[in-house]
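Read through the structure below, which is laid out as structure tokens, and then see the notes.
Lettering follows sequence order; numbering is per chain, from 1.
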There are 2 protein chains.
Amino acid sequence: MQRGTDPTTLEFAILGLLALAPHSGYDLLQIFETTAIGNYSSSPGAIYPALGRLEKRALIEGVVDDSHALRPKKVFRPTPDGKKVLRRWLRARITENDVQRHLDELLLRFAFHSLVDKQASRDFLNDLARATDEYVAKLREQRKIFSDDEPPHGRMAFEFGIERYRACARWARRTLRHFEEEAS
Amino acid sequence: MQRGTDPTTLEFAILGLLALAPHSGYDLLQIFETTAIGNYSSSPGAIYPALGRLEKRALIEGVVDDSHALRPKKVFRPTPDGKKVLRRWLRARITENDVQRHLDELLLRFAFHSLVDKQASRDFLNDLARATDEYVAKLREQRKIFSDDEPPHGRMAFEFGIERYRACARWARRTLRHFEEEAS
DNA sequence: TCGCACATGTAACGTGTTACATGATTCA
DNA sequence: TGAATCATGTAACACGTTACATGTGCGA
């Protein structure tokens with residue numbers, strides 16, 4: 001990560017977790033190992049260097065806590081700068097590239113949306129629904145290239161891709177409805 | 001890719017495409033750029049080195065064709081060894097790790113299943129349905145850690161994860177049925 | 001005293017991304 | 001003449017994976 005470039009998905013995942021509650025590296029390790037967020041990584045070899053980069057860039061800061069642990073640990077929390085970067089990420093517009101290749105990251109983004117206002121979440125879900133719809137339409141166009149006398153496996157796998165995005169659009173709309181109802 | 005280790009996802013994607021029909025590097029580039037398989041990569045900077053590695057490992061071989069093109073191009077096809085490695089991959093048992101973190105690769109695998117026998121495809125789909133069911137059950141257990149008085153965003157994103165795997169299981173069963181019907 | 005949980009890291013390696021380089025031919 | 005397409009690559013860079021290293025304190 002160079003100065004000025006965006007943090008990676010893993011770095012955002014860490015930044016988000018730290019924004020919800022301060023943690024040590026070891027804490028984070030446990031979280032990544034035992035919960036579903038572990039899909040975004042894993043292993044000390046990724047976490048500790050990521051923490052180092054975030055600290056070096058002053059997006060997080062760590063204070064040593066040797067009060068009651070076996071061994072002193074360094075507890076990290078986001079700096080004001082870190083929170084700003086995080087919120088910018090959370091509110092960023094959804095691009096076609098996000099939808100096509102980084103759907104998982106989009107969902108991670110939404111998972112931290114308690115850190116931004118409700119309108120941003122609604123915008124996000126609207127954007128996501130629209131963008132996935134568009135992509136589904138595009139995929140349906142592409143499906144035509146599969147002819148009926150070829151073996152069907154390619155087309156079948158392709159159809160799972162379509163299903164996946166349809167499921168995403170459905171989820172976005174359902175979740176959006178949930179937000180609207182709650183508001184009333 | 002070292003001797004003896006498995007090719008990467010991109011390398012398998014290339015190997016699979018070449019098994020369906022011989023292609024030059026430029027051909028592959030077009031395919032990756034214009035079709036949905038592009039989700040598995042992209043860009044000459046990845047394709048050409050991957051071709052080089054596969055050739056070095058003697059999983060593919062290229063012959064120069066300067067018959068009618070503007071410029072001579074090198075057309076690659078899998079060697080017998082390459083086909084063996086590919087088929088081993090296609091028939092490999094589905095692990096929990098595959099399901100949790102490499103679902104896309106699994107679908108890519110299935111896309112090339114016209115290269116193996118029908119029974120292997122049925123095994124694959126059965127395995128996939130069972131493995132995703134198991135993982136959904138595990139995720140549902142994990143969902144309980146979200147309490148009702150926290151902000152709901154984390155749980156909502158988590159639920160999309162569950163939906164995704166349910167959609168996968170449904171797809172696998174539907175496709176399996178398709179295979180059974182066809183057989184009768 | 002053996003191993004496990006706590007706690008933090010480093011080093012080697014390979015790979016993908018991005019950007020750039022090159023050179024021929026066709027078409028406006 | 002210049003742009004677009006065909007066709008193949010290379011170089012710098014950062015990141016994740018895997019494996020290893022280190023040391024404490026607690027319980028069997």
Note: B:Asp117-B:Arg87 ion pair, threshold 4.0 Å (strictly below)
no
Contact under 4.0 Å: A:Arg53 side-chain N or O vs D:dC15 OP1/OP2
yes
Can you give the donor-acceptor pairs under 3.5 Å from side chains of residues 163-170 of chain A to other protein atoms, not counting sequence neighbours?
residue: A:Arg164; atom: NH1; partner: B:Asp104; partner atom: OD1; Å: 3.3
residue: A:Tyr165; atom: OH; partner: A:Val99; partner atom: O; Å: 3.1
residue: A:Tyr165; atom: OH; partner: A:Gln100; partner atom: O; Å: 3.1

Taken to the nearest whole Å, CZ/A:Phe12 to P/D:dC15 is 12 Å
NZ of A:Lys56 versus C1' of D:dA14: gap in Å, rounded?
12 Å
Rounded interatomic separation in angstrom, taking OH from B:Tyr48 and C1' from C:dT22
12 Å
Return the residues of residues 100-112 of chain A meeting this criterion: a heavy atom under 4.0 Å from some atom of DNA chain C. Order them by number, or give none.
A:Arg101
CD of B:Glu55 versus C1' of D:dT8: gap in Å, rounded?
13 Å
By nearest-nucleotide position on DNA chain D, the 5'-leaning member of A:Thr9 and B:Val75 is B:Val75
Neighbours of DNA chain D within residues 15-30 of chain B, by heavy-atom distance under 4.0 Å
B:Ser24, B:Gly25, B:Tyr26, B:Leu29
Give a yes or no answer on whether the side chain of B:Asp27 reaches the backbone of B:Ser24 with a donor-acceptor pair at less than 3.5 Å.
yes
Is there a donor-acceptor contact under 3.5 Å from the side chain of A:Asn126 to the main chain of A:Asp123?
no
Length of the CD1-P vector between B:Ile47 and C:dT18, whole Å
13 Å
Between the side chains of B:Arg130 and B:Glu134, is the shortest nitrogen-to-carboxylate-oxygen separation below 4.0 Å, so that they form an ion pair?
yes
Distance below 4.0 Å between A:Thr8 side-chain N/O and D:dG16 OP1 or OP2
yes
Quick one: do the A:Glu61 and A:Thr79 side chains pair a donor with an acceptor below 3.5 Å?
no
Is B:Lys74 paired with B:Asp65 through a side-chain N to carboxylate O contact shorter than 4.0 Å?
no
Interatomic distance where CZ belongs to A:Phe32 and C1' belongs to D:dT17 [whole Å]:
15 Å
Residue closer to the 5' end of DNA chain D, A:Leu10 versus B:Pro44 (nearest nucleotide):
B:Pro44
Check whether any side-chain N or O of B:Arg109 sits under 3.5 Å from a backbone N or O of B:Trp89 as a donor-acceptor pair, and report yes or no.
yes
Any side-chain to backbone donor/acceptor pair from A:Gln142 onto B:Ala36? Under 3.5 Å, distance only.
yes
Between D:dA7 atom P and B:Leu51 atom CG, what is the distance in whole Å?
15 Å
To the nearest Å, give me how far apart CG (B:Asp6) and C1' (C:dG14) are.
14 Å
